[in-house]
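Remarks on the structure that follows.
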Amino acid sequence: MEYNFSEIEKKWQAYWASHGTFRADNISDKPKYYVLDMFPYPSGAGLHVGHPLGYIASDIYSRYKRQKGFNVLHPMGYDAFGLPAEQYAIQTGKHPADTTEENISRYRKQLDRIGFSYDWSREVRTCDPSYYKWTQWAFLQMFDHWYDKDSDRALPISTLAGIFEKSGNSRVNAACGAVETFSASQWNSFDEKKKREILMQYRIAYQGETSVNWCPQLGTVLANDEVKEGYSVRGGFPVEQKKMKQWLLRVSAYAERLLSDLEELDWTDSLKEMQRNWIGKSCGAEMVFKVSNGTEEHDMTIFTTRADTVFGVTFMVLAPESEWVDILTTPQQRAQVDDYLSMVKKKTERERIAETKKITGVFSGSYAINPISGNKIPVWISEYVLSGYGTGAIMAVPAHDSRDYAFARHFNLPIIPLIEGCDVSESSFDAKEGIMCNSGFLNGMPVSEAIPAAIEKIEQMGIGRRKVNYRLRDAIFSRQRYWGEPFPVYFKDGEAYAMPESVLPLELPEIDNFLPTETGEPPLARAKSWAYDGYPIETSTMPGFAGSSAYYLRYMDPGNGDALVSRQADEYWRSVDLYIGGTEHATGHLIYSRFWNKFLYDLGYVCEKEPFRKLINQGMIQGRSNFVYRIKNTNRFVSCGLKDKYDTTEIHVDVNIVENDRLDLEAFRKWRPEFETAEFELENGEYICGWAVEKMSKSMYNVVNPDMICDKYGADTLRLYEMFLGPLEQSKPWDTKGIDGVARFLKKYWRLHFSKDGKFSVNEDAPSPEELKVLHRLIGKVQSDIESFSFNTSVSAFMIAVNEFTDMHTSKRAVLEPLAILISSYAPHIAEELWGMMGHDESIAYAEFPVYEEKYTVEDSFEYPVSFNGKMRFKIRLSKSLSKEEIEKQVMEDPNFGRFIGESKVKKIIVVPSKIINIVF
RNA sequence: GCUCAGGUGGUGGAAUAGGUAGACACGCAGGACUUAAAAUCCUGUGGGCAGAAAUGUCCGUACGGGUUCGAUUCCCGUCCCGAGCACCA
């Protein structure tokens, strides 16, 4: 009987679906295990072979865990709100909901063909009102809470109003915007508008006027992680800075917890490092400098991590956007400063990044007094100081900071070295090491002691305090787009009010045009009757990460209409045990989700502090492009080996008409009309294409579709081959040419169950010791491979075992049944089919994973390589139970020993049990 | 510039509490079956040298050193590729 993969795969996929084989129960005696994939954005292009890599790995793990007796939750859904569907809608007029629906059904078909063990009854879609109800609900909770730094958690905003009424805000230690201090009586005298304005500064979801990343082409603002090097991640359009009123999430309030809780997570170091970097904690001090513009004096606060270098401050620098610029610019300097500011303003973010080496700046005309040394120092303005970090003003220590050094050199400002023996004639000395000098009371101290000593002095003098700064900014939470969650917020007297929970979900209204309005308002402004109780509703929508921040919770209890997740479901599933996805979400989704989870944890809705216990980043699968070489100005193509003889143009050719780098000439002529008359110069009768590893993309003609692989080889081959390609976490190019080896293996495995005349012939004989040895070696290997996520080496182990069983003509049930269970996580369809043929009615998915027994694999004697001075000379078979001395004795009595040792004197014999015997002379 | 990960045949990659480097697979070459092809199977396959052959021998895990009886593995330095961060004071 032939191995008919397409029939088998269809049959079992239908069986799993109709039997609900992979449905997970929220009540079970079994231990739970939650395996999650990062859900996809259903793009119009469909899946390519790179997408399922992580899904296959997580599926193998899920299937393995089921066979190990766990109640496994392995769900899938769609991150369905987003820009591309809306861009497409603008171009074509097609409603994003319709294109999204089409894309989802295409994705689903593609996913189903690969044979994943998802519990589809728990599917979620972020664009579904019954789902985004809970996204909106979470937003309302954030709107309705503030962050108390004393108890380090979110508290209801009503408690805050209560405190204000009794004692004003002076004793409140909150994560908040700039608010002036007020007393209880002042608070009580404020009108409602004023009160709401103040409360807004405390909310965790708040509205603020901030400088945002504005992308004119997309017509929306973007979060920091959606911008890379001044361009939008989606679309690659330029991004500029713009002041706008936006919704923000106070992620920064959670910075310390996001940082310290990383410790307990089982994530890779590099990913944790990325998050630490993004959070960017730095410990230092705030210090007050007296500044004077000649007519009035002010206190200006700066932030520094190098308080020890205060004696080397030779000037101060303000960010161009700093509010101090206006105060400290003297009339004589006004014209120059204004010129400088307008020059800076004209630059885009992109140019500022590109020109970081160019030094620019202008003197404000004012002076500051160094509070420690009493020196009078000039105050400059320069774009190298960022307004968004610290206080937007710095004390410059050119001797020990490279940026200050470059600035000082450029404008001829003094440089005072503060470390004994350091050379600052060519560059600054930035290292935090050495002995202090020229530094008054700090002289003679090493830097490590001088930093705390300086801060202590500053605190004693009452001119500053210890301060921790984070680079993590609040997340901008509104987008001027249509295809996203509407905000359940309306405006009264210009102030935002939350709608009651009872209106949720607040559904997206229908509109007929997805472009912004003529007045530049978001598309939702076109909706008729977009009002609540007569008041206008917020017209921007939530960003992509809103819907993906808590989806892992919703899978636990997807049908619940009364809560995001019931307490019972949450306490059973708790958190994701294994999360597999791409590294591109390191500073976006994975920060926002952790924040979102911690917020819900503070409110008591979830029981775990962290959402994802273990996280694995699968590598990218790159494309392998093929090229043909056309002689310039002709339609003649030369094979790769001959291309250097001519002046040629390299042209990408569709990898689907190339096999093993050999071009299918007929297919090539048909591929595009201009190649119809192509002529070829061949090597040995073949046209050999050039190749390169590039990103898998349409424009490079190197996209390989998993459907094609499933048609030609079957899903089991695809699954095995994707794993066989290399380590999961490594990026690697897809190259279809190796797939035959895996396909051959499955055929061989299939044939193991049939006699020569094609009859199914599994017998009941007892297995031989050799068979048991091969089997148990495989059990041990596969188990440890899956547990350490080394799926690639198990595929090799399967091949070796099947080859050995073929050589032994194994056809015994006692061997082939456990073998089917082992293979079933990797190649589930073929294993199910053979399992059924061996007489089982139940799916193999819940068969018990075979128990590894060491006794079958350990040998009582061992072959020791014997080496002389580290060089292997002969092998000797010895009993395992021998002592070191007995082994030495036997080695010396071995006839080979005399042959190799000759006249030499033995210095020592090294015996590494079960590994090697080395004789040194 | 800083941080992290990596560099092994023609290719993808095995092997690290230091112990026979190149498992497994692709590709290639040769062979069997076939009128032929596909499919399948068998043999060989890191490089050099010696040999008719079995085999022997030297060199080989980016490069240069070190520790060790023994290093792909550990340590120091250099080079290269990849990823992330990048005026964060």
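Chain identifiers are assigned alphabetically (A, B, ...) following the order of the sequence lines, protein sequences preceding nucleic acid strands; residue numbering begins at 1 within each chain. Basis for what follows: all heavy atoms, side chains included, without hydrogens, waters or symmetry-related copies. Not measured: the values here are computed from a predicted model.
Looking at which nucleotide of RNA chain B each of A/Met799 and A/Leu725 is closest to, the 5′-most match is held by A/Leu725. Taking for each of A/Lys748 and A/Glu273 the nucleotide of RNA chain B with the nearest heavy atom, the 5'-most of the two is the partner of A/Glu273.
Of the P atoms belonging to B/A53 and B/G44, the separation is 16 Å, rounded to the nearest Å. Nucleotides B/U8 and B/C81 have their C1' atoms positioned 15 Å apart, rounded to a whole Å. One C1' atom belongs to B/C24, the other to B/C2, and the distance between them is 40 Å to the nearest Å. B/A52 sits 23 Å from B/G47 when the C1' atoms are compared, rounded to a whole Å. A distance of about 27 Å separates the P atoms of B/A50 and B/U11, rounded to the whole Å. Remark: the separation of the P atoms in B/A29 and B/U3 is 49 Å, to the nearest Å. Between B/C76 and B/G19, the distance separating the two C1' atoms is 24 Å to the nearest Å. Nucleotides B/U72 and B/G9 place their P atoms 14 Å apart, quoted to the nearest Å.
Taking the six-membered ring wherever Trp is involved, the centroid distance between the rings of A/Phe5 and A/Tyr713 does not fall below 6.0 Å. The six-membered or imidazole ring of A/Trp734 lies near that of A/Tyr721, with a centre-to-centre distance under 6.0 Å.
Judged by Watson-Crick or G-U wobble contacts below 3.5 Å, the nucleotide B/U40 has B/A32 as its partner. In a base pair of the Watson-Crick type (N1 to N3 plus N6-O4 or O6-N4) or a G-U wobble (N1-O2 and O6-N3), with each distance short of 3.5 Å, B/U55 is matched with B/A50. The base-pairing partner of B/G70, taking Watson-Crick or G-U wobble contacts with both distances under 3.5 Å, does not exist among the strands shown. B/C63 is paired with B/G77 under the criterion used here, namely a Watson-Crick or G-U wobble arrangement in which both key atom distances are under 3.5 Å. Searching all strands for a Watson-Crick or G-U wobble partner of B/G27 with both distances below 3.5 Å returns B/U45.
B/G12 atom C1' lies 10 Å from atom NZ of A/Lys732, rounded to whole Å. We find that CZ of A/Arg624 is positioned 11 Å from C1' of B/G10, with the value rounded to whole Å. Taking atom CG on A/Asp807 and atom P on B/C42, their separation rounds to 8 Å, with Å as the unit. In this structure, CG of A/Leu318 is placed 16 Å from C1' of B/C87, rounded to the nearest angstrom. A/Leu259 places its CG atom 15 Å from the C1' atom of B/C85, with the value rounded to the nearest Å. For the pair A/Glu729 CD and B/C4 P, the interatomic distance rounds to 18 Å; values are reported in whole Å. Atom CZ in A/Phe724 sits about 8 Å away from atom C1' in B/G12, given to the nearest Å. Separating the CZ atom of A/Phe791 from the P atom of B/A14 is a distance of 14 Å, rounded to the nearest angstrom.
Anti is the conformation of B/G31, whose glycosidic angle sits further than 90° from 0.
In this structure, A/Met808 places its CE atom where more than 12 heavy-atom neighbours from other residues, nucleotides or ligands lie under 6.0 Å away.
Proximity of residues 733-745 of chain A to RNA chain B (heavy atom under 4.0 angstrom from any strand atom) is restricted to A/Lys737, A/Gly738, A/Gly741, A/Arg744.
Between B/C87, B/C41, B/G13, one nucleotide has an atom nearer to the side chain of A/Pro727 than all others, and that is B/G13. The listed nucleotides are B/U40, B/A15, B/G84; the one nearest the side chain of A/Met274 is B/G84. Ranking B/C85, B/C24, B/A39 by closeness to the A/Arg471 side chain, first place goes to B/C85. Comparing atom distances between the A/Ser796 side chain and each of B/A23, B/G13, B/C87 picks out B/A23 as nearest.
Backbone-only engagement by A/Ile800 is indicated by non-hydrogen atom pairs under 4.0 Å involving sugar-phosphate atoms exclusively. Within 4.0 Å of A/Asn792, counting heavy atoms only, lie sugar-phosphate atoms of the nucleic acid but no base atom. Heavy atoms of A/Arg751 sit under 4.0 angstrom from primed sugar atoms or phosphate atoms, though from no base atom.
Taking every heavy atom of both residues into account, A/Cys689 and A/Leu663 meet most closely at SG-CB, 3.8 Å. Taking both residues in full, the closest heavy atoms of A/Pro371 and A/Val288 are given as CG-O, 3.5 Å, listed atom of the first, atom of the second, then distance. The two residues A/Leu720 and A/Ala827 have their closest heavy-atom pair at CD1-CB, 4.2 Å.
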Steps toward ring pair (Phe, Tyr, Trp, His ring centres under 6.0 Å) verdict (A/Phe805, A/His809): CA-CA 6 Å; A/Phe805 287 139; A/His809 304 287; over 10 Å; no
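When the side-chain nitrogen and oxygen atoms of A/Asn803 are compared with OP1 and OP2 of B/A25, one or more of them lie within a distance under 4.0 Å. At B/G13, one or more side-chain N or O atoms of A/Gln730 fall inside 4.0 Å of OP1 or OP2 (strictly under the cut-off). OP1 or OP2 of B/A89 sits under 4.0 Å from a side-chain N or O of A/Tyr389. Between A/Thr587 and B/G84 there is no side-chain N or O to OP1 or OP2 distance below 4.0 Å.
The salt bridge (Lys or Arg N to Asp or Glu O under 4.0 Å) check on A/Glu2 picks up nothing, with sequence neighbours excluded. Legend: residues meeting ring-ring contact (aromatic ring centres under 6.0 Å, His included) with A/Trp267, ordered by chain and number and at least two apart, are absent.
Of the listed residues (A/Phe724, A/Tyr826, A/Phe791), just one forms a ring pair (Phe, Tyr, Trp, His ring centres under 6.0 Å) with A/Phe798, and that residue is A/Tyr826.
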